[in-house]
Colleague: 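Sharing a structure here in structure tokens format.
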Amino acid sequence: MGRVLVVGSGGREHALATRFNQSPSVETVYIAPGSPCMDDVATLVDIDALDFEALKAFALKHAIDLVVVGPEIPLVQGIQDAFKDTNICVFGPSKYCANLEGSKAFAKEMMKQANIKTAGYETFDDVTQAIAYAKTKTYPLVLKASGLAAGKGVVIVNCFEDAESELHHMMTHNKFEDAGNVVVIEDFLEGEEFSYLCLVSHDTIIPLQVSQDHKRAFDHDEGPNTGGMGAYTPVDSITDDDLNCALNDVVKPIVSTLLNQGHPYTGVLYAGLMKTKDGIQVIEFNVRFGDPETEVLMLALESDLYQVIMDLMSGKKTELQWTKDYVIGAVLASQGYPDAYQKGAVIKGLETLKTPVFHMGTTRNDHGVIATGGRVLFVTARADTLQKAQAMLYQEIDKIDCDALFYRRDIGFHNS
Ligand code: AMP
Ligand code: GLY
């Protein structure tokens, strides 16, 4: 029987811990640090996700078999490398491979080497040169902070004047702190976006079912980019041909390029893809489970995730089983997110919901469940059609009483 440690504290980790907790082959699930409302599915461990030595000591003491790392920052800072001298399986990439997410400049360079289709681009560490380049371009144009910015470091500008002022914000005034010291300026692509997540170990690749995220804050894709405001799976507009292309022309080449460089990839490889009129192109790579895609994927997955990962890490590939239902979910976020927001609102009515809710940023005190994060809750629903699942989702959300939260009312509608 397996003993699992999930690292992180958001909705993605709550969903992973829930899935492991349901697994017949798992004895105990720990979550570090987790948050109070996750104590129904995992034992909370009061260790920070970046305190690798303390996590390692805990894992050794409690005979953990598998560590699953949720967020990107521990991966980019080298949590997998920190466990190298143990025989504990860490499902997450090495520090080197995590650069695929930690540095957009690195990701672009790897795609060039692997001959993968992605938007044309240039990389700059000098604002004057960046502005001079922006002057030569057609618009819209995409400006990306190269470093980690919690999904918010991409700005799409419609004219040169906006590009100039935004480049100053990013590169001179540190809008995204050090993440904007290097900026990638990318051609604008048009098409349907989808999230293609694969479980990877060396050259073995197991694709998950296709899902779609909604990155902008408000309905009709308006407002600033966020970490993601809702998700659903599967996505009918993405065909088997698209998925073959995603596997053969994107994921396989990047995994084998890293392997040939002496850096085998372990963990989730998340390709953010766009179906354009020129075929499938890469928007970004992430080196972890997506959030909130994982929340819907874990509800849709019927296979035993622990067994699948342990088999994969010993080179065995499993055919995954998925529900035939559509699974959908919406984020309830604090008013003001992704900018500054108030914390501390009491959330009422949660006990009346019939569908699973994952806690993205909450705590619990004598007043009940309290909002503490930018993204606070992820409410889900499932049904045999996307339309029915949507209707159920919004009925469930209506039962929650908290004026301090907002959510998008159009999750999945584009494809229904
Ligand atoms: P990223 O953090 O790189 O995924 O970018 C955030 C969002 O910005 C993406 O989900 C897209 O909606 C948008 N985006 C990023 N790059 C491009 C591009 N080259 N063309 C059009 N939209 C883009
Ligand atoms: N949902 C987007 C992400 O996880 O980066």
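From a predicted model like this one, the values you see are computed outputs, not experimental measurements. All ligand and atom numbering here is 1-based and tracks the order in the structure. Positions are given from 1, in the same order as the sequence printed here.
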Colleague: If we only count N/O pairs under 3.5 Å, is Phe188 in contact with ligand 1?
Modeller: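 Phe188 vs ligand 1: no N/O contact under 3.5 Å.
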Colleague: Would Ala231 count as a contact residue for ligand 2, given that I'm defining contact as a non-hydrogen atom of the residue lying under 4.0 Å from a ligand atom?
Modeller: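 No, Ala231 has no heavy atom closer than 4.0 Å to ligand 2.
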Colleague: Could you tell me whether Asp401 and Lys348 make a salt bridge, using a distance below 4.0 angstrom between a side-chain N and a carboxylate O?
Modeller: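 The answer is no: the pair does not qualify as a salt bridge.
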Colleague: When you measure from the heavy atoms of Arg288 to every atom of ligand 2, does any distance fall below 4.0 Å?
Modeller: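 Checking ligand 2 against Arg288, which is what was asked, there is a heavy-atom contact under 4.0 Å.
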Colleague: Report yes if Lys215 has an N/O atom closer than 3.5 Å to an N/O atom of ligand 2; otherwise report no.
Modeller: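 No; every N/O pair is 3.5 Å or more apart.
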Colleague: From the options Lys104, Glu193, Glu186, select the one whose nearest heavy atom is closest to atom 9 (C) of ligand 1.
Modeller: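 Selected option, by shortest heavy-atom distance: Glu193.
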Colleague: Between Glu186 and Lys108, is there a salt bridge with N-O shorter than 4.0 Å?
Modeller: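 Result for this pair is yes, salt bridge flagged.
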Colleague: Answer with yes or no whether Gly228 contacts ligand 2, where contact means a heavy atom under 4.0 Å from a ligand atom.
Modeller: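 No, Gly228 has no heavy atom closer than 4.0 Å to ligand 2.
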Colleague: At under 4.0 Å between heavy atoms, which part of Asp187 makes contact with ligand 1: side chain, backbone, both or neither?
Modeller: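 Asp187 to ligand 1: backbone contact only, side chain stays beyond 4.0 Å.
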Colleague: Quiz question: by atom type and distance under 3.5 Å, do the side chains of Asp242 and Thr239 form a donor-acceptor pair?
Modeller: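 Side chains of Asp242 and Thr239: pair found under 3.5 Å.
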Colleague: Please work out, at 4.0 Å between heavy atoms, whether the side chain, the backbone, both, or neither of Lys144 comes within that distance of ligand 1.
Modeller: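 The side chain, only.
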Colleague: Under 3.5 Å between any N/O of Asp213 and any N/O of ligand 2: does that happen in this structure?
Modeller: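 Checking ligand 2 against Asp213, an N or O pair does fall under 3.5 Å apart.
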Colleague: If you measure from the Lys or Arg side-chain nitrogens to the Asp or Glu carboxylate oxygens, is any gap between Asp221 and Arg408 under 4.0 Å?
Modeller: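 Yes.
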Colleague: How about Gln335 and Tyr341: does a side-chain donor come under 3.5 Å of a side-chain acceptor?
Modeller: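 Note: Gln335 and Tyr341 side chains miss the donor-acceptor criterion.
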Colleague: Would Phe106 and Tyr96 satisfy ring pair (Phe, Tyr, Trp, His ring centres under 6.0 Å), going step by step from the backbone distance to the final call?
Modeller: CA-CA 10 Å; Phe106 174 89; Tyr96 180 87; 5.4 Å; yes
Colleague: Check if Tyr270 has a non-hydrogen atom at a distance under 4.0 Å from any atom of ligand 2.
Modeller: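 A heavy atom of Tyr270 does come that close to ligand 2.
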Colleague: Check the orientation of Phe378 and Phe358. Use parallel for under 30°, tilted for 30 to 60°, and perpendicular for over 60°.
Modeller: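 Parallel: the ring planes of Phe378 and Phe358 meet at under 30°.
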Colleague: Which part of Val142 is near ligand 1, with near meaning a heavy atom under 4.0 Å away: side chain, backbone, both or neither?
Modeller: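 Near ligand 1, Val142 shows its side chain, while the N, CA, C and O stay back.
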